[in-house]
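These notes concern the structure reproduced below.
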Amino acid sequence: MTDALVTTAAFDALLGALADDGRRVIGPRVRDGAVVLDDLDGVADLPVGWADEQSPGRYRLRRRDDDAHFGFTTPSTSWKPFLHPAREVVFRARLDGAGFEVTPPDAPEPLAFIGVRACDLAGIAVQDRVLGGGRFVDAGYAARRSDVFVVAADCGESGPTCFCGSMGTGPTATTGFDLAVGERLGDEPRFFVRIGSARGAALLERVEHTPATEADRADARAAAARAVAGQSRSVAAGEVAGLLARNLEHPRWDEVAERCLACTNCTLVCPTCFCTSVEDSVDLAGTEAVRSRRWDSCFTLDFTALGGAPVRGSVRSRYRQWLTHKLSTWQDQFGELGCVGCGRCLTWCPVGIDLTEEVAAIGATDGAENPGGTPS
Amino acid sequence: MSAAVRPRLAVWKFSSCDGCQLTLLDREDELLAVAEAVEVAYFLEATSGVVEGPYDVSLVEGSISTPHDVERIQEVRAASKVLVSIGACATAGGIQALRNFADLDELASIVYAHPSFLSALDTSTPIADHVPVDLELRGCPIDGRQLLELIGAVLAGRKPVLPAHSVCVECKSAGNVCVLVAHGEPCLGPVTQAGCGALCPRYHRGCYGCFGPMESAAPESLAPALASVGLDEADQGRLLRTFNGWAPPFRAASTVRLPDPRRRTT
Ligand code: SF4
Ligand code: SF4
Ligand code: SF4
């Protein structure tokens, strides 16, 4: 068996089984006017009957005229906060006679992710290669990531900020999940469940399910085709690395720098951005110290401060660093692009800067140079 | 540490509301540890006992707004090894710097029955305009955790962790839903320095800019977003001209939006 149908009650039982196994079950739910990722007690906590409207610099929820559980596109946050948290303790140290007693951080709790979009699965895979692979494995990331149970949710609709189609990352999950669900609405609502791993199959065996038919598979394919056809934004994934690499002095960098606030929102919402800074704190008595690591961003001045001055002082150089890393030098560094097309950096940029538009503007005048030669 | 070698701390008040000094007294859980780590040599808000200078660390609250302030800050500087200005008054002139944009005599005649008793300067200005300042703590009022971090760092002889990036960094790190993007609330977070822990967005309010301009504050670039959520030019100017209106980036952007020939701009 590679797929099956389950009822809403059986899907709820499936979440219950994950919790029974001692996992913290995390998924999309509505909070403060947005779909966020947080703890779930069951399917009733999902954003039932909610859709989102996203455009550059704007996000709103609206009611749907059905009871879809996954009738929204990308949640406001990615899964990054759970795997690569905003702040994490590296170690604690306590002055002990002449030396230090060092305590490592607590072991992570086992997690289950419910409703992971295909773009976000791709984002997790990118961070797996950066933080969990290669010569330098990040121990904290690897520990949190190693045992996550992933239930993906295929997209039946996409939003105006989505461009997974052009990045080749969605809208259907193809790898990196234990189970993947597609939602079938109507008089007899069902979840079409695809199996991605042996433990996914074992979990499915613990709840009631019926075999899927060829018609169910055709329905799922049609939904994916509709989702991709609805995407109006795109990036030419095969060409963008070269385009940006040969346009480092393009006047568009000056233009976008006039609009960019260097606020860091784009990097913090991005599922692939991984940069951090390390901070030490010591109590007033000077006996207890904590070394922690927190999210940082190529948009802050401290991030490139060397010898007291930032290497990338201008906003132009910082925006250019962000976009060329995502879409060009990431390729040189990790053999793929650092963007999965989730569209979050468009939506959550307070001034709606749209990377697809910036790439298009540079592409339209490929080779143009700033006559004055603006310094970096 | 023996009592004899404890560094001597002084807390000074200039033109201000005392809120920043109270932030230290409010840290009830850590107050004893502070008192053990330093000798509180001058802190009239907390104790009337006064120990003569010099002082190892002086925390200076308040702005310079009277001729007497101008003289006194020189004495404080001369008596202090490390001088830290604390709060929006001391770092940017404070709310009382609103008078810098207006005519002092006219304001005084509206507010006071006998303005002739006043001895005030035309402007309210930050401490750094008058004497060299070693470190700055932003905020209206300052943040208690930042204050403890600063005291701990000065004691340990290391650089305090006081990031100059935007409030948005703290806001996203806390997992808040952005009130500007998702609720259409005007928010100064993208142009304001972190330090408060994104307190207002956490409670679904836009940032009011208490911590003053962040390292590369671009209020002109934020203006289109404020306009798109319904703030006209004058309201944008008023939002920027509250606790830190005299800080240069906020001053420049508010002055363009609230033009008045009598108002000074420099
Ligand atoms: S760069 Fe933007 S669209 Fe691409 S993965 Fe990051 S947040 Fe998503
Ligand atoms: S592109 Fe947008 S979100 Fe990113 S730093 Fe600039 S203004 Fe902030
Ligand atoms: S709510 Fe304000 S501080 Fe928070 S991310 Fe949005 S703009 Fe920045």
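Just so it is clear: chains get the letters A, B, ... in the order the sequence lines come, proteins before strands, and each one is counted from 1.
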Is there a donor-acceptor contact under 3.5 Å linking the side chains of A:Ser314 and A:Ser317?
yes
Assess, by modelled atom type and distance only, whether the side chains of A:Ser78 and A:Asp120 contain a donor and an acceptor separated by less than 3.5 Å.
no
Chi angles and distances behind the ring-ring contact (aromatic ring centres under 6.0 Å, His included) call for A:Phe70, A:Trp50
CA-CA 8 Å; A:Phe70 293 103; A:Trp50 287 104; over 10 Å; no
Answer yes if the ring centres of A:Phe113 and A:Trp79 are under 6.0 angstrom apart, and no otherwise.
yes
Select all residues of residues 343-354 of chain A having any heavy atom within less than 4.5 Å of some heavy atom of chain B, and report them by number, or 'none'.
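So the qualifying residues are A:Thr347, A:Trp348, A:Cys349, A:Pro350, A:Val351.
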Atom CZ of A:Arg92: over 12 foreign heavy atoms under 6.0 Å
no
Over 12 foreign heavy atoms within 6.0 Å of CZ, B:Arg205
no
Result for side chain to side chain contact (heavy atoms under 4.5 Å, CB included) between B:Ser85 and one of B:Asp134, B:Val131, B:Ile127 points to B:Ile127
Taking only Lys NZ, Arg NE, NH1 and NH2, and the carboxylate oxygens of Asp or Glu, determine whether B:Glu170 and B:Arg202 approach each other closer than 4.0 Å.
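Not counted as a salt bridge, because no side-chain N and carboxylate O are separated by less than 4.0 Å.
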Contact part of [X] toward chain A, heavy-atom cut-off under 4.5 Å: side chain, backbone, both or neither?
X	value
B:Val161	side chain
B:Ala156	neither
B:His183	both

Sort A:Glu258 into side chain, backbone, both or neither according to what part of it lies under 4.5 angstrom from a heavy atom of chain B.
backbone
Is there a side-chain contact between A:Phe299 and A:Cys266 in this structure, where contact means two heavy atoms from C-beta onward sitting under 4.5 Å apart?
yes
Which residues from residues 220-231 of chain B are near chain A, with near meaning under 4.5 Å between non-hydrogen atoms?
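Listed by number, the contacting residues are B:Ser221, B:Leu222, B:Ala225.
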For the atom pair CG (A:Leu111) and CZ (A:Phe82), what is the distance rounded to the nearest 0.5 Å?
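Between atom CG of A:Leu111 and atom CZ of A:Phe82 there are 8.0 Å.
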Validate the cation-pi geometry between A:Arg87 and A:Trp295: distance from NZ or CZ to the six-membered ring centre under 6.0 Å, angle to the ring axis within 45°.
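No, A:Arg87 does not sit over the ring of A:Trp295.
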